[in-house]
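Data first, discussion second: the structure below is written as structure tokens.
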Amino acid sequence: MSKVSFPTAHGVEAGRWCPDGLGDGTHIIKSEKIVDKINRAAATGKPAVSFEYFPPRTQEGVKNLYERLGRMVHQNPLFIDFTWGAGGSTSDLTLELSTNAKQRYGMDVNMHMTCTNQPADKVDIALAGCAKAGVRNICALRGDPPLGQEKWEATEGGFSCALDLVKHIRKYHGDHFGISVSGYPEGHPDVIKPVSELGRALSASEKQRVMVDANGKENVCSDEDMKVELQYLKEKVDAGAEVIITQLFYDPEIFLTFVKNCRAMGINCPILPGIMIIQAYQGFKRMTGFCKTSVPKHILDKMEELKEDAEGIKQYGIDLGAEICQKLLDSKEVSCVHFYTLNLEKSVLGIMEKLGLKVAEQKIGDENENTFQGTLINTVIKN
């Protein structure tokens with residue numbers, strides 16, 4: 001292993017370790033489109049993994065994240081994601097993290113980019129930075145509203161949806177960037193509405209997708225709205241998106257139905273399941289409520305049973321995550337599992353070990369760290 005010097009604007013100490021041949025912190029490492037890596041991995045028949053991280057809001061958090069990346073690179077992820085904060089609030093740090101992960105560790109990065117507070121010229125500046133740094137993959141998203149704003153609104157001179165962003169990247173940057181987009185197996189949260197508003201009985205497919213909110217009310221994306229969702233997704237793919245990464249879900253059958261419906265629509269690109277590992281009771285309740293996620297009753301019952309057992313919930317999250325992933329892999333519809341890591345590693349490694357995908361032993365960092373400190377979802381991961 002070679003010791004490299006790579007200081008950053010956030011004061012992360014220099015001299016991190018990096019595997020031989022990955023990078024020396026000064027040269028651009030060859031980049032690949034993630035669609036090519038996914039297709040190549042699928043051809044081997046061996047399951048692959050990818051990891052998602054978000055930009056920390058503290059200097060200590062940034063330092064800890066770099067250390068985690070230095071450990072997790074040894075698990076050979078196909079790629080990693082870095083999210084783009086609400087309202088573009090972390091755009092500079094997202095690009096910095098993406099650049100350093102590529103140059104320091106040789107990881108292919110799929111950098112998120114949203115339409116929120118993003119005029120076209122700012123998008124082009126970010127894309128130029130990606131090209132210069134060797135970051136060749138972009139996850140094009142609409143994004144969430146800025147803090148304090150309930151309804152999403154387009155920025156003057158910007159884009160109204162992810163489709164616009166995909167079209168812009170292809171129009172002005174040709175085929176250089178690999179583009180991924182989001183997919184919603186249960187429907188986008190904006191179109192998941194109270195069942196009482198349907199004015200009719202639920203269909204069999206709607207019953208599968210029903211979620212119950214904190215007030216005990218049933219909500220669902222109607223079959224009619226789901227058709228619109230799939231058509232829009234196809235438009236994004238037809239415009240140049242090459243990979244779909246899904247919203248979290250806890251019923252593997254919902255994901256497999258989504259894939260089947262996508263294929264029937266002529267959407268033939270890779271579809272990666274987004275796996276949100278259960279780490280804590282309140283975090284689980286808040287996240288599934290925010291995303292309007294349908295959760296099977298047996299999972300809800302188990303979470304209530306373990307409500308006061310923090311370690312028990314973490315172990316259940318590992319067991320459940322492994323069970324869901326195994327069902328997806330057994331279906332042969334999935335070749336790469338995408339983990340929403342919450343900037344932690346123990347649970348991800350626990351699931352990978354159960355699946356036989358853990359390729360190296362490694363030290364685990366501080367799992368008691370509040371990785372959400374200073375972020376908009378600071379209250380998500382609390383026991």
Side-chain angles (χ1 to χ4, degrees), residues 27-39 50 52 54-55 78-103 107-146 152-184 188 229 231-245 266-272:
H27 298 88
I28 300 301
I29 312 300
K30 180 181 178 181
S31 298
E32 280 191 273
K33 287 187 174 184
I34 64 171
V35 65
D36 295 330
K37 302 186 76 172
I38 293 168
N39 287 334
S50 56
E52 181 168 300
F54 62 86
L78 281 189
F79 65 93
I80 62 172
D81 278 13
F82 287 111
T83 65
W84 190 271
S89 56
T90 65
S91 57
D92 291 342
L93 180 53
T94 294
L95 180 56
E96 178 187 301
L97 289 166
S98 300
T99 299
N100 289 353
K102 181 62 185 174
Q103 295 188 9
M107 291 171 152
D108 277 308
V109 177
N110 186 36
M111 193 186 87
H112 288 208
M113 185 174 290
T114 73
C115 301
T116 311
N117 287 350
Q118 287 278 97
D121 58 346
K122 188 174 181 180
V123 166
D124 288 328
I125 290 172
L127 290 172
C130 288
K132 181 179 179 181
V135 174
R136 202 177 170 194
N137 296 281
I138 300 295
C139 186
L141 306 164
R142 188 199 71 175
D144 297 321
W152 192 91
E153 296 179 356
T155 298
E156 184 176 353
F159 309 101
S160 61
C161 60
L163 176 60
D164 290 345
L165 184 53
V166 172
K167 289 180 177 179
H168 179 87
I169 295 172
R170 285 289 176 247
K171 180 177 180 179
Y172 293 101
H173 300 273
D175 194 48
H176 176 76
F177 289 104
I179 302 177
S180 61
V181 292
S182 59
Y184 297 86
H188 191 282
E229 290 277 291
Q231 183 57 49
Y232 176 62
L233 182 58
K234 188 175 189 302
E235 289 178 19
K236 290 192 287 186
V237 172
D238 290 346
E242 301 162 327
V243 175
I244 296 166
I245 302 174
I267 299 172
N268 298 312
C269 66
I271 302 176
L272 275 55

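These numbers were taken from a predicted model, which means no experiment stands behind them.
With sequence neighbours excluded, the residues that form a salt bridge (charged side-chain N to carboxylate O under 4.0 Å, His left out) with Glu32 are Arg40. With sequence neighbours excluded, no residue forms a side-chain hydrogen bond (donor to acceptor under 3.5 Å, both in side chains) with Asp36. Asn39 is linked by a side chain to side chain contact (heavy atoms under 4.5 Å, CB included) to Val35, Pro270, counting only residues two or more places apart in sequence or in another chain. Partners of Phe82 under the ring-ring contact (aromatic ring centres under 6.0 Å, His included) rule, at least two apart in sequence or in another chain, do not exist in this structure. For Tyr172, the side chain to side chain contact (heavy atoms under 4.5 Å, CB included) partners at least two apart in sequence or on another chain are His168. Considering only residues two or more places apart in sequence or on other chains, Arg170 meets the side chain to side chain contact (heavy atoms under 4.5 Å, CB included) condition with Lys33, Asp175, Ile179, Glu242. With sequence neighbours excluded, no residue forms a side-chain hydrogen bond (donor to acceptor under 3.5 Å, both in side chains) with Lys167. Judged as a side-chain hydrogen bond (donor to acceptor under 3.5 Å, both in side chains), and not counting sequence neighbours, His188 has no contacts. For Asp108, the side-chain hydrogen bond (donor to acceptor under 3.5 Å, both in side chains) test picks out Lys37, Lys102, with sequence neighbours left out.
Across every non-hydrogen atom of Val135 and Met111, the tightest pair is CG1-CB, 4.2 Å. Listed here is the closest heavy atom pair of Ser50 and Leu272: OG-CD2, 4.2 Å. Annotation for Thr114 and Leu165: closest pair C-CD2, 4.4 Å, computed over non-hydrogen atoms. In terms of heavy-atom proximity, Pro55 sits nearest to Leu97 at CA-CD1, 3.8 Å. Val109 and Ala101 make their closest contact through CG2-CB, 4.0 Å (heavy atoms, listed as atom of the first residue, atom of the second, distance). Across all non-hydrogen atoms, the minimal contact from Ala162 to Tyr232 is N-OH, 3.3 Å.
Taking 4.5 Å as the limit, every side-chain heavy atom of Asn137 sits out of range of all side-chain heavy atoms of Ser180. Residues Val166 and Glu235 fail the side-chain proximity criterion, which asks for heavy atoms closer than 4.5 Å. Leu141 is listed as a side-chain neighbour of His112, based on a closest heavy-atom distance under 4.5 Å. Inter-residue side-chain proximity for Ser182 and Lys236 is flagged as met; some heavy-atom pair is nearer than 4.5 Å. Between Asn110 and Ile245 the shortest side-chain heavy-atom distance falls below 4.5 Å. Taking the side chain as every heavy atom from C-beta outward, Asp124 and His173 approach each other to under 4.5 Å.
To the nearest 0.5 Å, atom CG of residue Leu233 and atom CD1 of residue Ile267 are 4.0 Å apart. For the atom pair CG of Leu95 and CH2 of Trp84, the computed distance is 7.0 Å after rounding to the nearest 0.5 Å. Note that CD1 of Ile125 is 12.0 Å distant from SG of Cys130, once rounded to the nearest 0.5 Å. Taking CD1 of Ile80 as the reference point, atom CD1 of Ile34 lies at 11.5 Å (rounded to 0.5 Å). Rounded to the nearest 0.5 Å, atoms OG (Ser31) and NE2 (His176) are 7.5 Å apart.
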